[in-house]
Amino acid sequence: MPTAVAGPEIERLIQLLARLPGLGPRSARRAALHLIKKRELLMAPLTAALETAMEKIQVCKTCGNIDTQNPCTVCTDAKRDRSIIVTVADVADLWALERAQAVNGRYHVLGGTLSPLDGVGPQDLAIDSLVSRAHDAVVTEVILALNATVDGQTTAHYITELLHDANVKVTRLAHGVPVGGELDYLDEGTLSAAIKQRTAF
Ligand code: ZN
């Protein structure tokens, strides 16, 4: 146990910051010090922003996105193509796809992927609500934008089976060469998936 260099309040701030992803104890210390030095400029607005977020943040009852309104901004956006539901494991994936401006549909956040090893079963994920949304006549395609991992693909297969009766096209993301990628650096799995899923030029 290292000796504390500051009072318990500051130590507590450091400990809390150290729990953030990407911040170890060392960077947490640096971040805390930075906040303290910029008390007026940074710490006060950050505290206010955290409080507001804490009060207002809700989980969208339709898609599972996180927002300050419910249904969320994406679900209520009239310019969205209502025929497409992009299914993602996590809100972070939804935000990543939005940043990429890749698709103009609406989303469905599962809240994870099936993982028998970690004890995550279908009842732990928002799968029933996805199946029920997919049965809406306006929906024609469900895109399974899930991780290219064993759990991600197991989940994709499971959902595809369940959507058999819904009158929708079920698609998944392409696997293959990343944009700007060099073939020589790719692993065999990626390279072989890219060859199998080749498209006409
Ligand atoms: Zn929503």
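Computed from heavy atoms alone, side chains included, the values below leave out hydrogens, waters and symmetry copies. Sequential numbering from 1 along the given sequence is applied to the chain's residues.
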Listed by chain and number, what are the side chain to side chain donor-acceptor pair (under 3.5 Å) partners of H175, not counting sequence neighbours?
->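 Only R172 meet the side chain to side chain donor-acceptor pair (under 3.5 Å) criterion with H175.
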Heavy atoms only: give me the nearest [X]-[Y] pair and the separation to one decimal.
X: C60; Y: P71; result: SG-CA, 3.8 Å
X: A32; Y: I14; result: CB-CG1, 3.6 Å
X: R80; Y: V74; result: CG-O, 3.6 Å

Are D151 and T154 linked by a side-chain donor-acceptor pair shorter than 3.5 Å?
->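 No, because no side-chain N or O of D151 sits under 3.5 Å from a partner of the opposite role on T154.
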Verify whether one side chain among S83 and E141 offers a donor that lies under 3.5 Å from an acceptor in the other.
->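 Result is no, nothing qualifies.
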Step through the shown structure and confirm whether more than 12 heavy atoms of other residues, nucleotides or ligands are within 6.0 Å of [atom1] on [X].
X: E161; atom1: CD; value: no
X: I195; atom1: CD1; value: no
X: Q101; atom1: CD; value: no
X: D77; atom1: CG; value: yes
X: N167; atom1: CG; value: no

In Å, rounded to the nearest 0.5 Å, how long is the span from SG of C72 to CG of D67?
->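 Spacing of SG (C72) from CG (D67) equals 5.5 Å.
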From CZ (R133) to NE2 (H135), nearest 0.5 Å |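 That separation rounds to 14.0 Å.
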Test side-chain contact (heavy atoms from CB on, under 4.5 Å) on D136 and V139 and set out the steps.
-> CA-CA 6 Å; D136 187 332; V139 177; 4.1 Å; yes
Intermediate values then yes/no, salt bridge (Lys or Arg N to Asp or Glu O under 4.0 Å), E51 and K56 | CA-CA 9 Å; E51 257 174 32; K56 295 198 173 159; over 6 Å; no
Is a donor on one side and an acceptor on the other found under 3.5 Å between the side chain of D118 and the backbone of S115?
->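 Checking the backbone N and O of S115 against the side chain of D118, no donor-acceptor pair under 3.5 Å is found.
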Who passes salt bridge (charged side-chain N to carboxylate O under 4.0 Å, His left out) against D81, sequence neighbours left out?
->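 Partners of D81 under the salt bridge (charged side-chain N to carboxylate O under 4.0 Å, His left out) test: none.
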